[in-house]
Amino acid sequence: MAETVERGLGMVAHTGEGPFFGWRVVAGAFVLAVFGWGLGFYGPPVFLHAVREARGWPLTLVSTAVTLHFLIGAFVVANLPALYRRFGVPGVTKAGALALALGVYGWAVAAEPWQLLAVTVLSGGGWVALGAAAVNAIVSPWFVRGRPAALSMAYNGASIGGVLFSPLWVAAIAQVGFPAAAAGIGLVTVVVMWLLADLLFRATPESLGLAPDGPALAAAPAAAPAPFAAPLPGRALWRNIRFVTLAAGMALGLFAQIGLIAHLFSLLVPALGAQYAGLAMGFATICAIAGRTLAGWLMPANADRRRVSCLAYAIQIVGSLVFVLAAGQNVPLLLLGVALFGSGIGNATSLPPLIAQVEFAREDVARVVALIVAIAQASYAFAPAAFGLVRDLTQTTPGVAPLFFAAAAIVQGLAIIAFLVGGRPAAARFSKPA
């Protein structure tokens with residue numbers, strides 16, 4: 001897979017001696033995201049069902065383990081920049097893959113509830129080393145002007161991870177059982193991540209005599225930081241309006257997305273049937289890839305990235321309102337809602353790091369990205385339960401949940417407000433990325 005992606009990306013940017021090595025790193029980050037999201041994000045909902053089937057434990061208990069998995073990941077990802085400084089990207093990637101694989105195997109063999117809760121420390125802490133902040137940390141050193149396109153391509157691995165691993169987990173568990181499936185997939189994950197860490201992630205632009213985006217280091221002009229961005233050490237970052245609103249906007253947007261998506265399949269089943277509802281969810285993933293790719297490649301360098309994010313959320317709000325109009329029965333409107341809402345799924349993850357790139361001093365960007373991802377993850381860990389409560393309290397007919405979809409639209413409206421508030425100061429208007 002890595003070689004296929006590399007060949008496709010290598011055609012885009014070249015130095016005089018061949019493909020720019022940064023695109024190989026993007027290909028590696030794409031594969032990392034496939035495995036990271038495939039095990040750490042899309043895996044837990046499948047694990048929940050498998051553990052309940054095997055152990056007969058209460059839904060509340062196993063759901064708590066899923067929530068704990070994401071909360072522990074939020075704590076670890078907040079400290080990811082410090083871990084990278086201490087152990088390096090290759091070392092953290094290897095350790096994360098090993099912890100994730102052991103944690104998933106622990107889900108499969110846990111014989112007591114306390115054991116299940118304990119292994120979430122490994123699965124939750126490990127997967128974020130293969131998650132959103134990790135992808136940003138791996139790709140960003142290689143690109144400045146081309147960072148939107150590079151990150152969009154790398155983050156598409158997250159969507160592909162869902163497409164590949166969700167059915168893979170279901171099929172593997174059905175064929176060989178959860179423990180054997182977890183052991184096999186975990187072993188492959190560790191081997192692939194080990195190879196990527198040694199072959200791709202160990203290199204830096206400086207070690208190869210390159211500058212970001214490909215020109216030779218000696219010939220490349222220094223990238224100019226955002227003119228208003230001063231370093232924000234320690235607690236100063238938490239008092240900065242741009243950081244607070246960026247974190248709030250990302251957290252609110254992902255809260256609405258995760259909450260709605262967690263229930264969307266079951267809401268589509270009454271009108272489409274289980275098979276076609278599954279295909280509709282796959283269609284949402286295709287729209288997510290298309291939306292993220294278009295935003296990454298077509299967004300002008302001097303674009304107001306907060307407004308681009310607001311546009312993506314606004315389209316999703318329209319999608320939620322279309323779901324309301326569909327009333328759980330109108331199939332064309334349901335599919336239109338899937339397309340509109342799906343178009344922004346990927347951008348909710350990929351655009352906030354790009355906003356951070358141009359709004360903060362270069363030395364603060366990695367910390368900002370890690371913290372906003374941590375805050376978002378800690379928030380959306382509770383989204384399925386919160387939206388489930390809204391659904392339980394308001395839904396009277398299967399598939400018909402207008403207040404459920406209206407709640408998603410309201411939360412995303414709040415995300416838009418957060419982004420716009422943070423973008424109001426004149427200092428937030430600039431044209432040169434950091």
Side-chain angles (χ1 to χ4, degrees), residues 37 41-42 45-46 152 155-168 170 253-298 308-351 380 383-384 387-388 390-391 394-413 415-416:
W37 268 267
F41 186 83
Y42 294 102
V46 181
S152 72
Y155 278 128
N156 277 338
S159 299
I160 299 300
V163 172
L164 295 179
F165 274 89
S166 292
L168 175 61
V170 173
L254 282 172
F255 188 91
Q257 284 193 16
I258 300 301
L260 189 149
I261 292 169
H263 296 270
L264 184 57
F265 175 82
S266 61
L267 288 168
L268 294 174
V269 167
L272 302 180
Q275 180 178 357
Y276 287 104
L279 292 175
M281 297 300 291
F283 176 55
T285 301
I286 293 173
C287 293
I289 294 172
R292 181 192 283 126
T293 303
L294 288 174
W297 285 97
L298 300 181
V308 175
S309 295
C310 290
L311 176 60
Y313 283 147
I315 293 172
Q316 288 190 301
I317 290 174
V318 174
S320 294
L321 297 179
V322 170
F323 281 131
V324 173
L325 294 176
Q329 301 299 322
N330 189 309
V331 173
L333 285 180
L334 287 173
L335 294 179
L336 177 59
V338 169
L340 292 171
F341 195 87
S343 68
I345 292 174
N347 287 320
T349 302
S350 59
L351 285 176
Y380 72 62
F387 275 82
V390 172
R391 185 177 172 186
T394 62
Q395 183 177 351
T396 58
T397 304
V400 182
L403 292 180
F404 171 91
F405 291 114
I410 290 171
V411 174
Q412 289 193 302
I416 290 176

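Atom OH of Y276 and atom CG of L268 lie 14.5 Å apart (nearest 0.5 Å). L336 CG to F323 CZ: the interatomic distance, rounded to the nearest 0.5 Å, is 8.5 Å. Taken from CG in N156 to OG1 in T349, the straight-line distance is 11.0 Å, to the nearest 0.5 Å.
Proximity of I289 to I160: side-chain heavy atoms (C-beta onward) are separated by under 4.5 Å at one or more points. Between Y42 and L164 the shortest side-chain heavy-atom distance does not fall below 4.5 Å. A 4.5 Å side-chain heavy-atom check between N330 and L325 finds every atom pair outside the cut-off.
Nearest heavy-atom pair, Y313 versus A348, reported as atom, atom and distance to 0.1 Å: OH-CB, 3.9 Å. The two residues I345 and A288 make their nearest non-hydrogen contact at CB-CB, 3.8 Å. Taking each heavy atom of V324 and A406 in turn, the nearest pair found is CG2-N, 4.3 Å. In terms of heavy-atom proximity, A383 sits nearest to G259 at CB-N, 3.7 Å. Of all heavy-atom pairs spanning L334 and A271, the tightest one is CD1-CB, 3.6 Å. Nearest heavy atoms, A280 versus L272: CB-CD1, 4.0 Å.
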Might you work through the side chain to side chain contact (heavy atoms under 4.5 Å, CB included) test for L267 and R391, ending with a clear yes or no? CA-CA 10 Å; L267 288 168; R391 185 177 172 186; 3.7 Å; yes

Please report the C-alpha distance between F341 and I261 in whole Å, then the side-chain angles of each, then the deciding distance to 0.1 Å, and finally whether the side chain to side chain contact (heavy atoms under 4.5 Å, CB included) criterion is met. CA-CA 10 Å; F341 195 87; I261 292 169; 4.2 Å; yes

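In terms of modelled atom types and a separation under 3.5 Å, the side chain of S343 and the main chain of L340 share a donor-acceptor contact. Under a 3.5 Å cut-off, the side chain of Q257 and the backbone N or O of Y380 do not form any donor-acceptor pair. Formation of a donor-acceptor pair under 3.5 Å by the R292 side chain with backbone atoms of Y155 is found in this model.
Ring geometry, F404 versus H263: the interplanar angle exceeds 60°, so the pair is classed perpendicular (tilted spans 30 to 60°).
For F265, the CZ atom is densely surrounded, since the number of other residues' heavy atoms within 6.0 Å is greater than 12.
Exactly one residue among L264, I410, V390 makes a side chain to side chain contact (heavy atoms under 4.5 Å, CB included) with F405. That residue is L264.
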